[in-house]
Amino acid sequence: MSVNLTNPDDFGDSPSTVSHRVIGERIRPPASQAVYDKAITAGIEAGLTSETATLLAYASPDVQQLRRALREKKTQRFGTEVFTYIETDIFMWHVMSSPDNIRFEGEHAHGDINMPRFGSVNGQALLTFEMNSTALIEAMGPQIADMAEHNPHIQSIKDRGIETPGWLSFLRLTTELGDVTRFETTDGYGRSVGSHRGLRLMFKDVAFNLLPKSRQATALHHQIAKWAISDDASDVEAEKVRCAIMPNARIIIACNSEPFHLARRHFVAHLHMAPPMPFSLATNLNAKANAAVDKLHAKDLLPSVAGLSPEQVRDILDGTWRAHDLLPDEVAVLACSALNPHQNTRQARAVNEAITDLTGVAPRLEDRSMIAAEVALRGLPNDPRLTRRRSALERAWRLADLRTVTLTRTDPLQLLATALVDLVQRTDKRSAARAELATLASYHMVAGQNQLLERSEHGATEGATEPTKIIAALGRTDLGLRQLCQIVLDGRAGRAPQRLPERTDPVDKPIGGADPLTPQILRDIADQPTPGVAVLMPEEQYAMALTGFESALDRLHTAAVAVAEVKGTDGEPLAETRGYDQTQAMELFSEVTEMIADWRAAARKAARRRQRMTEDGDR
C-alpha cells in the first residue's frame, strides 16, 4: 500500500495539508490476540527474540503488512557493516527519540548533556541504555525542545505526516522502574519529535507509559483507528492521525558486525556525515574522532597503556568510560598519541581511512591534530573560549616531535630528569620524555583558567610566536624544560602557573615571590637566544650548538616551503617553472651536507666503540 499525494482530493483546506484519510488507509484497528501471536512467531522465525518480536507486532498498524515484510528481509552495506532490515509501518508512540544521538556529541563531550552511551546485547541487534528515569527525562527535555524550535520540518510533519521513512533500532531501556523495550530513532530524530508533538505526547509517555499491550497504548490505537476513517474528525484528531505512523520504517533486525552499538554508531555517522551536515564544530569533530578510534581499535593500532585493555583505551578516547583514573593531561597525551600520528604511518592511514569513509573527503595533516585536540579538551565547557583553546592546542600539536608521543604516566619530575639528560647527551634526538612532558604541559597551557598558549595574530610567519614554535623552543633548553615541568605540577594542583626562576628546580608548591606566568612571559622564555644550561661542560656546549643547528634547519625548511608555495598567474609553483640556481648557495649546501655526513660517520663509529666496550665488560 502506498500513499498517493498527487490526487487533489487527498488534500485538506490547503495544498500543504494532507487529508488524514490518506494516512488512515494504512491503519487497522487492534488485532485479536491470535493474530498478534502469529506475528510474534513470524518475528522469532525471522531471527528476533520474543522481546523484540513482541514490540514489533504491537507497534504495527497493519499486522499482515508486517508478516509480509518479515518474509522479505533486505540488506544494505554501510562501510564494512552489513545491516539486515525490514520495511513496515510503525506507530510512532513506540519510537523513542534517541538518547544517544550524533547531534549530542558536542554536548556529550563538553558536559552539557551528562548521559551514558548505548551498549548492546551480544548476538542481537538490540541496544541497551541504563539511566535514572527522572535524570533521563530532564536531560532529554531541552534537546527535544531545541529540535522542536529550530527544525523547519516539524510543522510539515503535523500537516503532512512523515514523508521520508527513517531507520529504527530495538532498544532495551533500563531504569529504576525496570526494563522496557522500545524503538529508538537511529535516523529520524526530528521526525520523532515532530510526530510526538502532533500526537501531544511527552518523552516520558513514549519511554515509559505507552508500552505494548498496555491500556494506554491500546486505547490510543483504538482512537487513531477510529479517527482514521472518520469524515468528522476535528483538526486536532486529524493531526494526530497524520502523525501516528512512520510509513515504511526501516527496522534493523541483524548486523554482521559486533558489538552492535558500535556498528550502529558507524552507521548513523555515515548517514549524517556523508556529505557533511551542518552540525556544530564540536559535534563534527567528535563524530570523526569516534570513527577514528573505532578504526584504530579494529586494526589493533590503539596506543597501549599499562593496566588498561585496548577496549578500555577505546572507551576512554570515545568518552564512553569516564570513571577511569587517568588525569586530564594524561588523557590529552593519549589523544595526541592515538589521533595525531606522523604521516605515512599505519596509525595515520587508519585515521585517514576512518574520516574519509565517514565524510567522503580525505583529511589534511592538521585534521588529525584538530580531532586529537578536541578529544583532549572534552569536559571543558562549550563556550567561546573553547574554539581558541582547541585552535591553540592543535597548532602546538603540529610539532613533529609530539606526533610520536607515548603515555608512560611517569612522574613529571622524573620526566624532567630524563629529558635533561637527553638534552645534554643527545642520546635520543626525539626524546620520549621531552615529548611527553611538553604534551602534558601544552594541555595545561590551554585548558587552565588563564590560557597561556595562544595562536599568533600574525599567523605562522617568520618571527611569529605560534604555539608550535613556543613548545619547540621550550623543549630545547634547560630553563624551558623546567618551566614545562612547573606548569604540569601547578596545573595538576589547581594552581595558577608560576614563572620558575632561573637555575631553580620545579617544586609542587607555591613558590615565594614567583610571578604568575603569562603568555608574554612564556614567549620571552621561548625567545631566549641562548639555552640556559647552568654548567657549560664541553658536551653540553656541543649539545646546545646542535640545538641551534637544528633550529636553523627548521627555519630553512620553513623558508623552503614558503618558496615552493609561491605560484604564478597560471597556478603553477614558480619554483618548478623558474627554478633556482645560485652557485654560492649550492656550494654552501654541499659543504653542510658533507659536514653532516662526517658527523653521521663519527656517530656510527662511536656506537660501535660503545658496543665493543659493552661486550668486553660482559665477558
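- Side chains of Asp490 and His444: no donor on one and acceptor on the other come within 3.5 Å.
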Give the intermediate values and the outcome of side chain to side chain donor-acceptor pair (under 3.5 Å) for residues Thr75 and Thr84.
CA-CA 4 Å; Thr75 61; Thr84 302; over 6 Å; no
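- Ala373 pairs by the side chain to side chain contact (heavy atoms under 4.5 Å, CB included) definition with Arg390, Leu393, Glu394, not counting sequence neighbours.
- Aromatic ring orientation, Phe78 versus His270: tilted (interplanar angle from 30° to 60°).
- Closest of all the heavy-atom pairs between Ala376 and Ala335 is N-CB, 4.1 Å.
- Every salt bridge (Lys or Arg N to Asp or Glu O under 4.0 Å) that Arg409 has, sequence neighbours left out, goes to Asp325, Glu330.
- Smallest separation of non-hydrogen atoms from Cys485 and Pro412: SG-O, 3.6 Å.
- Using a cutoff of 4.0 Å between basic side-chain nitrogens and carboxylate oxygens, Arg395 and Glu454 are not scored as salt-bridged.
- There is a side-chain donor-acceptor pair under 3.5 Å between Thr186 and Glu184.
- Ala396 and Ile471 get closest at one heavy-atom pair: CB-CG1, 4.0 Å.
- In this structure Arg482 satisfies the salt bridge (Lys or Arg N to Asp or Glu O under 4.0 Å) test together with Asp478, Asp505, sequence neighbours excluded.
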Open item on the list: For a side chain to side chain donor-acceptor pair (under 3.5 Å) check, start with the C-alpha distance between Gln486 and Arg499, then their side-chain angles and the critical distance, and finish with the verdict.
Closed with: CA-CA 8 Å; Gln486 187 64 50; Arg499 178 174 188 173; over 6 Å; no
Trace of the salt bridge (Lys or Arg N to Asp or Glu O under 4.0 Å) decision for Asp422 with Arg434: CA-CA 8 Å; Asp422 292 343; Arg434 199 158 61 236; 5.3 Å; no
- Task: Dump the intermediate steps for side chain to side chain donor-acceptor pair (under 3.5 Å) on Glu436 and Thr408, then the final yes or no.
- Result: CA-CA 8 Å; Glu436 186 173 4; Thr408 65; 2.6 Å; yes
Should Ile470 and Arg523 be marked as a side chain to side chain contact (heavy atoms under 4.5 Å, CB included) after you check the CA-CA gap, both sets of side-chain angles, and the distance that decides it? CA-CA 7 Å; Ile470 293 174; Arg523 294 190 193 99; 4.1 Å; yes
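- For residues 346-377, the set of pairs meeting the ring pair (Phe, Tyr, Trp, His ring centres under 6.0 Å) definition, not counting sequence neighbours, is empty.
- Contact between Thr128 and Ser120 at its shortest, heavy atoms only, is OG1-N, 3.3 Å.
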Stepwise side chain to side chain contact (heavy atoms under 4.5 Å, CB included) check, Glu366 with Arg398
CA-CA 7 Å; Glu366 55 266 30; Arg398 292 189 190 185; 3.5 Å; yes
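- Note that CG of Leu308 and CG of Leu326 are 5.5 Å apart. Values are rounded to the nearest 0.5 Å.
- A salt bridge (charged side-chain N to carboxylate O under 4.0 Å, His left out) check over residues 304-315, counting only residues at least two apart or in different chains, returns nothing.
- The side-chain heavy atoms of Asn290 and Arg117, taken from C-beta on, include a pair separated by under 4.5 Å.
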Discussion item. Between Leu285 and Met370, is the side chain to side chain contact (heavy atoms under 4.5 Å, CB included) condition met? List the steps.
Written reply: CA-CA 8 Å; Leu285 292 174; Met370 180 63 84; 3.7 Å; yes
I'd like to know whether Arg346 forms a salt bridge (Lys or Arg N to Asp or Glu O under 4.0 Å) with Glu353, so could you lay out the CA-CA distance, the side-chain angles of the two residues, the decisive distance to 0.1 Å, and finally the verdict. CA-CA 10 Å; Arg346 292 179 63 201; Glu353 288 172 10; over 6 Å; no
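- More than 12 heavy atoms of other residues, nucleotides or ligands shown are found within 6.0 angstrom of CG on Asp570.
- Counting heavy-atom neighbours within 6.0 Å of Asn450 CG, excluding the residue itself, gives a total of 12 or less.
- The pair Asp508-Arg495 counts as a salt bridge, with a side-chain nitrogen and a carboxylate oxygen less than 4.0 angstrom apart.
- Remark: Glu81 pairs with no residue by the salt bridge (Lys or Arg N to Asp or Glu O under 4.0 Å) rule, at least two apart or across chains.
- Looking only at side-chain heavy atoms (C-beta outward), Met445 and Gln451 stay at 4.5 Å or farther from each other.
- Checked by atom type, the side-chain pair Arg77/Asn256 shows no donor-acceptor distance below 3.5 Å.
- No side-chain heavy atom of Phe267 sits less than 4.5 Å from a side-chain heavy atom of Phe260.
- A side-chain donor from one of Asn340 and Arg403 sits under 3.5 Å from a side-chain acceptor of the other.
- Nearest heavy atom pair, residue Pro328 against residue Tyr443, reads CB-OH, 3.4 Å.
- Interatomic distance, CD1 of Ile252 versus CH2 of Trp167, reported as 6.0 Å (0.5 Å rounding).
- Of all the heavy atoms in Pro116 and Phe129, the pair that sits closest is O-CE1, 3.2 Å.
- With Leu334 as the fixed residue, the side chain to side chain contact (heavy atoms under 4.5 Å, CB included) test singles out one of Val375, Val313, Leu339, Leu302: Val313.
- By the 4.5 Å heavy-atom criterion applied to side chains, Val488 and Leu484 are not counted as neighbours.
- Asp318 has a carboxylate O that lies under 4.0 Å from a charged side-chain N of Arg265, or vice versa, which qualifies the two as a salt bridge.
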Verdict with supporting geometry, Ser98 and Asp100, side chain to side chain donor-acceptor pair (under 3.5 Å): CA-CA 5 Å; Ser98 179; Asp100 188 4; over 6 Å; no
